[in-house]
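Before anything else, here's the structure in question.
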4 protein chains.
Amino acid sequence: MIGRTVCTGKDSPRAEVQRERILCAAQKCFIEHGFHAASMANIAAAAQMSAGLMYRYFENKSAIVKAIVERQLQDGRAQIEQLHTSADLAASILQTYRLWLARDPSVMNPALYLEMSAEATRDPQIAAALQESDERIFEALQAWMARDRDDRGLGLPPDIASRRAHLLMQVWNGLAVSAVRRPNQDPAAMRDVIEQFVNRLVMP
Amino acid sequence: MIGRTVCTGKDSPRAEVQRERILCAAQKCFIEHGFHAASMANIAAAAQMSAGLMYRYFENKSAIVKAIVERQLQDGRAQIEQLHTSADLAASILQTYRLWLARDPSVMNPALYLEMSAEATRDPQIAAALQESDERIFEALQAWMARDRDDRGLGLPPDIASRRAHLLMQVWNGLAVSAVRRPNQDPAAMRDVIEQFVNRLVMP
Amino acid sequence: MIGRTVCTGKDSPRAEVQRERILCAAQKCFIEHGFHAASMANIAAAAQMSAGLMYRYFENKSAIVKAIVERQLQDGRAQIEQLHTSADLAASILQTYRLWLARDPSVMNPALYLEMSAEATRDPQIAAALQESDERIFEALQAWMARDRDDRGLGLPPDIASRRAHLLMQVWNGLAVSAVRRPNQDPAAMRDVIEQFVNRLVMP
Amino acid sequence: MIGRTVCTGKDSPRAEVQRERILCAAQKCFIEHGFHAASMANIAAAAQMSAGLMYRYFENKSAIVKAIVERQLQDGRAQIEQLHTSADLAASILQTYRLWLARDPSVMNPALYLEMSAEATRDPQIAAALQESDERIFEALQAWMARDRDDRGLGLPPDIASRRAHLLMQVWNGLAVSAVRRPNQDPAAMRDVIEQFVNRLVMP
DNA sequence: CATGAATGAGACTTCATTCAT
DNA sequence: CATGAATGAAGTCTCATTCAT
């Protein structure tokens, strides 16, 4: 212990790397099998480690689920933020939809999004996490819509901004459902739908 | 046995009644626990019958899930049909949303809707059922929007009708997600959102 | 259901027989391996049934342990009762000690007796069961010692009866410990010890 | 390395200190959780060292258990020896009982005493250790009772000394059981019981 | 000397499914 | 037709022990 720099413990970089491996594997398994059907053994195999080892980094399976939920929410918020920082809202939404259809692993997975939403009706912790995240999204969208056009906002009156933020969230959610239910849909077919919608959404 | 009408077999009315009991119980259990966490024993208890008996009417648990999925799709289509037979589209959508928030058991359950949508990414049969149902919904909506106003339609040109049918479906899906993720939302708060959306949706 | 007498459920004779099988097996395993080291698989094998089936009759392993504890306490009380209904107390105690040394399965097992006593320091439910049982034993002994000699008692004054009841319990416990720790002891060697003790115990 | 006394190996003072730490921790854990339920991780944490390190000083968990058993036997013998070196036997026994009830960590722990006695029926090594220790205790007690009163003995004839030594051991064991099973007993309530017993025990 | 990450066996428990009654 | 007892596989989780660092 003396004169030697050890680097262990639950906060060590090593531990962080392991947690990361587990979460990557878990995400893959949850997408493939769902939260309940994916087993700890599945995840361990995907993470190339023994099942027991995972319990060094996560208290139990539920903790892994929670962590994945948290991640998905983050990924979702990241995608939403791109919307109102992009010059072309319609193109941005369409791109999101494309990534969902392509099951791009670097963005929120829409199937997980639905599954964790359903799970929220059974698990209060998940429900709370989702609500909080949705709240943050809504506020960010509304703020952006109400902000001055000079300040990269839409310059809408607050009450209209609120309604449109809500509507945008519904459509965003709806597209996530669509991406899951109609995975072979040609995203181009949605281009006009989205453009028309956006045209009216941003209309003063 | 003489003078008595024997009425057995899988298509007897009795069998139909039993299947019905099982499906009612299953729906309740699936809503409460999810497809995977609900056990055959749970369902049997809810249906007030033995677990073994259920296998006389359904090949296995998966068959019950499939049947519930079919039912939910039917319930969903029934709700959608109400939309374009109603005089007031906005009120009708809002009412749908209200029922979802109230977890009214006589209509499609939005949590199940999300869960089975997620499940569709894993089960091709479910995926096919969903796609077909969505297709039918889309066509009905588009037909209604394209039909003459004299004939209780919206009288929109076909390409516009198509886009707006798509958009309506996204919003409908989005509201289902909302009903699950924000179960304590005051439905009245959505009234203006929906009305504004509908105003533009039905605009010639 | 109609016109047929079914006999199932958790209170059926069948269930009682199964519970008995499980408890017999469990007792054997607990004696052989101890409460913790005996596994549900051990018990299932000894009971010649699958491990899962045991959960139809007992909620969990702990419930089996509790049931065995309860049984042992009953067996112990039965042995104690024999003491003061017998004409020859010393012979009766010696016989108890003999049975313990012989590991006679029809009487309280002294090793289990010690193990469950130790377990009582960790499990409040077990502790409560033991205390209650000890209380009943003490009161029975004291009552017997205080009862008139005409009424098959020892005719001792209450305070003396109380002290001697306590002392008898200590020796009884001590012999149980002895039976476990010195299993090869010749019981005859204890005859005089017990007789001398009893002579003075019953002295007016 | 010149001029420095290297002091390693299994017999170094350092090693002895480590073993001591481990045993202290193990005793605490065994008392708290029992031999089986206490984990090596528990013990390591209590000893403030890594789990792996313990294997440098003990071959395995069983070796630690054995060492603790030896310790308890030593502690027990130390308490017994106090009995026949004390002027007042009854007071000495009562004091022992008091310390047991108080769970004083500096004396033999009665719960461990019971647990290891039970374990002796499963583990021949433990059984042998216990028998040998009991033998030594018995002989010491008997010798004391047979020794001349001038030589701080009781001056009893050998055969009587033998019987009374046995009886004393039963009562001693019985009090250990009592301390475990009736932890809330007021020790003063046992005073008269013990005094009466001792009066007759030491009677010529 | 010391760590704690890693493993593999095994513990408890649940559950879909079958089948004798 | 109906039961629920029974099984076996599988799931979650724990833990003694080893070993690279």
Side-chain angles (χ1 to χ4, degrees), chain A residues 1-2 4 6-10 12 14-15 17-18 36-44 48-62 64, chain B residues 6-9 12 14-15 18 36-45 49-62 64, chain C residues 1-2 4 6-10 12 14-15 17-18 36-44 48-62 64, chain D residues 8-9 12 14-15 18 36-45 49-62 64:
Chain A
M1 211 83 87
I2 298 166
R4 191 144 75 87
V6 279
C7 181
T8 55
K10 300 224 167 164
S12 69
R14 169 84 176 147
V17 168
Q18 291 287 66
H36 285 88
S39 72
M40 292 298 277
N42 289 152
I43 298 172
Q48 288 177 285
M49 63 176 67
S50 71
L53 184 54
M54 296 194 295
Y55 288 85
R56 191 171 278 281
Y57 302 106
F58 292 93
E59 198 184 348
N60 49 31
K61 184 179 174 184
S62 173
I64 298 182
Chain B
V6 185
C7 179
T8 58
S12 69
R14 165 103 178 120
Q18 292 284 63
H36 286 88
S39 72
M40 292 297 277
N42 287 155
I43 299 172
M49 65 174 65
S50 71
L53 186 53
M54 296 196 293
Y55 286 83
R56 212 165 260 286
Y57 302 105
F58 292 94
E59 197 186 346
N60 50 31
K61 186 180 175 183
S62 173
I64 298 181
Chain C
M1 212 80 88
I2 298 166
R4 191 143 78 84
V6 278
C7 182
T8 55
K10 301 225 168 163
S12 68
R14 169 85 177 144
V17 167
Q18 291 285 67
H36 285 88
S39 73
M40 292 298 279
N42 289 154
I43 299 172
Q48 286 176 288
M49 63 175 68
S50 71
L53 184 54
M54 296 194 294
Y55 288 85
R56 190 171 279 280
Y57 302 105
F58 292 94
E59 199 183 347
N60 49 33
K61 185 180 174 181
S62 174
I64 297 181
Chain D
T8 58
S12 69
R14 166 105 177 118
Q18 292 283 63
H36 286 88
S39 73
M40 292 296 277
N42 287 155
I43 299 172
M49 64 175 63
S50 70
L53 186 53
M54 295 196 296
Y55 285 83
R56 213 166 258 284
Y57 303 103
F58 292 94
E59 196 186 347
N60 50 30
K61 186 180 174 181
S62 174
I64 299 181

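Numbered from 1 within each chain, the chains take letters A, B, ... in sequence-line order.
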ask   = Roughly how many Å is it from CD1 in D:I43 to C1' in F:dT17, rounded to a whole number?
value = 13 Å
task = Assign each of A:Q18 and D:Q18 to its nearest nucleotide of DNA chain E by heavy atoms, then name whichever residue's nucleotide is nearer the 5' end.
result = D:Q18
note = Dot-bracket for DNA chain F, 5' to 3', Watson-Crick and G-U pairs with both distances under 3.5 Å, [ ] for crossing pairs, | for partner on another strand, reads .||||||||||||||||||||
task = Quick one: pull up CD1 in B:I43 and CE in B:M49 and give me the separation to the nearest 0.5 Å.
result = 11.0 Å
key: Spacing of B:M54 atom CE relative to E:dT17 atom C1', expressed in whole Å   =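 So the two atoms are 10 Å apart, to the nearest Å.
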request  = Report the residues that fulfil side chain to side chain contact (heavy atoms under 4.5 Å, CB included) with A:A37, sequence neighbours left out, ordered by chain and then residue number.
outcome  = A:H33, B:H36
note = From CD of C:E59 across to P of E:dC12 the rounded distance in Å is 15 Å
task = To the nearest Å, give me how far apart OH (B:Y55) and P (E:dT17) are.
result =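 Atom-to-atom, B:Y55 to E:dT17, this comes out as 4 Å.
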Quick test: give all pairs of protein nitrogen or oxygen and nucleotides 8-11 of chain E nitrogen or oxygen below 3.5 Å, distance rounded to 0.1 Å.
none

task = Could you work out which one of E:dG4, E:dC1, F:dT17 sits closest to the side chain of A:R56?
result =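 The nucleotide sitting nearest to the side chain is E:dG4.
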ask   = Which atoms form the tightest heavy-atom contact between B:N60 and B:Y55, and what is the distance?
value = CA-CE2, 3.9 Å
ask   = Are any non-hydrogen side-chain atoms of D:R56 and D:Q18 less than 4.5 angstrom apart?
value = no
inquiry  = How many whole angstroms separate atom CZ of C:F58 from atom P of F:dA5?
reply    =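 Rounding to the nearest Å, CZ of C:F58 and P of F:dA5 are 14 Å apart.
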Distance in angstrom units between C:Q48 CD and F:dT7 P, rounded = 10 Å
inquiry  = Applying side chain to side chain contact (heavy atoms under 4.5 Å, CB included), can you list everything that pairs with C:A44, at least two apart in sequence or on another chain?
reply    =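 Counting only residues at least two positions away or on another chain, C:A44 forms a side chain to side chain contact (heavy atoms under 4.5 Å, CB included) with C:A51, C:M54.
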remark   = Sorted by chain and residue number, the side chain to side chain contact (heavy atoms under 4.5 Å, CB included) partners of D:S50 (sequence neighbours excluded) come out as D:L53
task = Could you check B:N60 against D:M49 and say which one's nearest nucleotide on DNA chain E is further toward the 5' end?
result =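 The answer here is D:M49.
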